[in-house]
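Since the structure comes first, as structure tokens, the remarks are kept for the end.
Every heavy atom of this structure was used, including side-chain atoms; hydrogens, water molecules and symmetry mates were not. When a ligand or atom number is given, it counts from 1 through the structure's own listing order.
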Amino acid sequence: MSELGKYIKVVSARSKLKEVLKKSQDGGIVSTAFIYGLENNLLDGVIVADKKDGFMPYPKVATTVEEVLEAAGTKYSVCPNISVLKSAAREYGCEKIGVVGTPCQVRAVRKLIKYPLGFRHVADKIALIIGIFCMENFPYEGLKLIVEEHCNVKMDDVVKLDIGKGKFWVYTRWGETKAIKLKETHPYEQTSCHVCLDYTAELADISTGSVGSPDGWSTVFIRTKKGEEFFNKMVEDGYLEIKPIEEVKPGLDLVIKLAKTKKDKNSKEIEHRKELNLPVPH
Ligand SMILES: Cc1cc2nc3c(=O)[nH]c(=O)nc-3n(C[C@H](O)[C@H](O)[C@H](O)COP(=O)(O)OP(=O)(O)OC[C@H]3O[C@@H](n4cnc5c(N)ncnc54)[C@H](O)[C@@H]3O)c2cc1C
Ligand code: SF4
């Protein structure tokens, strides 16, 4: 099993848009790509995960730069982005849709493009699929327990959540930072994530995550011709700065290591579930 899926090239990159860097999780690749697409008529609507009070994610069709910026940053909870895809095409009348999602959501989009059951006249309007790396996710109630019980912070006071360096980090609007060992969050993971074999969103046009690049930068895989064309234009037009991945630390080796860890661990869980005659993904 390949660890990273197919790709044309991989780089370390960061947005050149100051307003993005103020709000983005890492190098702001997702928000910058969506803003670039909307400003240059390559996209006319993008599906993002915005948040309500209490840092609860909800899926949204964004058609303006302001809406994209509002939805920047990672929400470590399940957000059914694909549920508004049909609405983007039918209610918003979008012809060139951008979608961001976790690896499982990217797989769902590829599946509906190939077998558009219930998605007639929608699949052909998907213009760009951006995937974000994902090791695991939490149901909202689980996230709430981690933040409120373990970190002693009210969900209403959270401004940013992050996972890195073996810890789960919570940043509050009072300027405080709390962290607990990632190990302590394991009981709250969504159980379906334990049979997931995709870490780097292998079926996206472009996929991105923090692992492999320094703080404030992102690791970016350009996977398809469509993704390559879009990415190159963004760089040429001055929206992104890039560095060869070989020149940054910790670099690609760490991405490979984590992808392999996820695939090995979850493959074992799939085998275990098969022995118990429990359902497993196809
Ligand atoms: C559950 C989860 C687990 C992750 N695990 C890892 C990991 O193990 N390693 C790693 O390197 N990176 C991981 N990431 C990705 C990382 O946190 C960043 O999302 C990614 O690097 C993009 O950052 P950015 O600055 O380019 O994006 P930004 O410009 O900040 O934009 C992020 C985009 O992602 C969307 N989004 C936010 N939360 C969700 C969600 N829950 N579901 C769908 N879309 C969402 C936002 O709407 C926004 O458009 C994870 C993300 C999630 C949601
Ligand atoms: S671990 Fe897999 S199934 Fe769980 S949210 Fe991430 S991509 Fe989806």
Side-chain angles (χ1 to χ4, degrees), residues 12-15 17 19-37 46-51 55-62 67-84 98-109 129-140 142-143 160-166 168-169 182 185 189-204 206-213 215-221 239-240 250 252 254-255 257-259 261-263 265-266 269 281:
S12 189
R14 180 171 70 173
S15 179
L17 306 179
E19 65 276 23
V20 168
L21 290 175
K22 265 190 234 152
K23 303 203 70 188
S24 62
Q25 189 73 16
D26 300 305
I29 309 306
V30 181
S31 302
T32 304
F34 284 170
I35 290 171
Y36 178 71
V46 294
I47 295 176
V48 291
D50 204 347
K51 60 181 184 306
F55 223 83
M56 181 191 266
Y58 72 97
K60 188 169 93 177
V61 182
E67 285 172 319
V68 172
L69 286 172
E70 198 52 45
T74 301
K75 291 89 193 171
Y76 286 100
S77 186
V78 180
C79 184
N81 284 11
I82 313 309
S83 66
V84 298
V99 189
V100 61
T102 48
C104 55
Q105 294 175 330
V106 168
R107 279 172 185 257
V109 175
I129 307 171
I130 304 189
I132 46 185
F133 302 178
C134 179
M135 187 59 89
E136 74 273 304
N137 206 347
F138 304 96
Y140 185 72
L143 181 70
K160 183 171 179 175
L161 298 172
D162 201 10
I163 291 179
K165 302 179 179 80
F168 185 99
W169 302 84
L182 201 52
T185 68
E189 288 168 2
Q190 174 170 262
T191 48
S192 52
C193 294
H194 296 157
V195 291
C196 173
L197 299 177
D198 188 346
Y199 178 60
T200 57
E202 296 173 18
L203 301 186
I206 296 172
S207 42
T208 186
S210 59
V211 164
S213 291
D215 283 353
W217 286 73
S218 298
T219 301
V220 188
F221 289 91
Y239 281 67
L240 288 183
L252 205 56
L254 185 61
V255 189
K257 188 177 151 200
L258 292 181
T261 305
K262 175 173 180 176
K263 287 181 188 229
K265 183 167 139 272
N266 291 351
E269 174 65 19

Quick note on ligand 1: atoms under 4.0 Å from a heavy atom of Q105 include exactly 43 (C)
Within 4.0 Å of some non-hydrogen atom of G209, the atoms of ligand 1 are 11 (O), 12 (N), 21 (O)
Should [X] be counted as touching ligand 1, given the test is an N or O pair under 3.5 Å?
X: G28; value: yes
X: F133; value: yes
X: D50; value: no
X: G101; value: no
X: T102; value: no
X: G73; value: yes
X: C79; value: no
X: N137; value: no
X: I132; value: no

From [X] atom [atom1] to [Y] atom [atom2], the distance as rounded to the nearest 0.5 Å:
X: E269; Y: L197; atom1: CD; atom2: CG; answer: 11.0 Å
X: I130; Y: I29; atom1: CD1; atom2: CD1; answer: 9.0 Å
X: M135; Y: E189; atom1: CE; atom2: CD; answer: 9.5 Å
X: T208; Y: I132; atom1: OG1; atom2: CD1; answer: 9.0 Å
X: N137; Y: Q105; atom1: CG; atom2: CD; answer: 8.5 Å

Under 4.0 Å between heavy atoms, the region of R107 that gets near ligand 2 turns out to be neither
Would K263 and E202 count as a salt bridge (charged side-chain N to carboxylate O under 4.0 Å, His left out) if you check the C-alpha gap in whole Å, the side-chain angles of each, and the deciding distance to 0.1 Å?
-> CA-CA 13 Å; K263 287 181 188 229; E202 296 173 18; 2.6 Å; yes
Side chain of [X], backbone of [Y]: donor and acceptor closer than 3.5 Å?
X: S218; Y: G27; result: yes
X: Q25; Y: T74; result: yes
X: K75; Y: A49; result: yes
X: S31; Y: L69; result: no
X: W217; Y: D26; result: no
X: S213; Y: S210; result: no
X: T32; Y: S15; result: no
X: Y58; Y: N81; result: no

Return the residue, atom name and 0.1 Å-rounded distance of the protein heavy atom closest to [atom].
atom: atom 40 (C) of ligand 1; value: K75 O, 3.8 Å
atom: atom 8 (Fe) of ligand 2; value: C104 SG, 2.3 Å
atom: atom 28 (P) of ligand 1; value: S31 OG, 3.6 Å
atom: atom 20 (C) of ligand 1; value: D26 OD2, 3.6 Å
atom: atom 48 (C) of ligand 1; value: A71 O, 3.4 Å
atom: atom 4 (Fe) of ligand 2; value: C193 SG, 2.3 Å
atom: atom 39 (C) of ligand 1; value: A49 CB, 3.7 Å
atom: atom 44 (N) of ligand 1; value: N81 ND2, 3.4 Å
atom: atom 1 (S) of ligand 2; value: K262 NZ, 3.4 Å
atom: atom 33 (C) of ligand 1; value: V30 CG1, 3.7 Å
atom: atom 52 (C) of ligand 1; value: T74 CG2, 3.6 Å
atom: atom 2 (Fe) of ligand 2; value: C196 SG, 2.3 Å

Please confirm whether [X] comes under 4.0 Å of ligand 1, counting heavy atoms of the residue only.
X: K23; answer: no
X: E136; answer: yes
X: G27; answer: yes

Between [X] and ligand 1, which part of the residue brings a heavy atom under 4.0 Å of the ligand: side chain, backbone, both or neither?
X: S77; result: backbone
X: Y199; result: side chain
X: V78; result: neither
X: V48; result: both

If we number the atoms of ligand 2 from 1 as shown, the ones under 4.0 Å from a heavy atom of N137 are 5 (S)
A student checking ligand 2 against P103 at a 4.0 Å heavy-atom cut-off should list atoms 7 (S)
In short, V211 meets T219 closest at the heavy-atom pair O-OG1, 2.7 Å
For this session: Would you check whether Q105 reaches within less than 4.0 Å of ligand 2, judged by its heavy atoms?
Result: no
For the aromatic rings, using the six-membered ring if either is Trp, is the centroid distance between Y239 and Y36 under 6.0 Å? yes
Do the charged groups of D215 and R14 touch, with an N to O distance under 4.0 Å? no
Exercise. Going through the checks in order, is the side chain to side chain donor-acceptor pair (under 3.5 Å) test met by T200 and S207?
Worked result: CA-CA 7 Å; T200 57; S207 42; 5.3 Å; no
Discussion item. For Y199 and F133, take the angle between the two ring planes, folded into 0 to 90°, and tell me which bin it lands in: parallel under 30, tilted 30 to 60, perpendicular over 60.
Written reply: tilted
* To do: Show your working on side chain to side chain contact (heavy atoms under 4.5 Å, CB included) between L161 and F168 and close with a plain yes or no.
  => CA-CA 7 Å; L161 298 172; F168 185 99; 4.0 Å; yes
Taking both backbone and side chain into account, is any N, O or S atom of C134 nearer than 2.8 Å to atom 6 (Fe) of ligand 2? yes
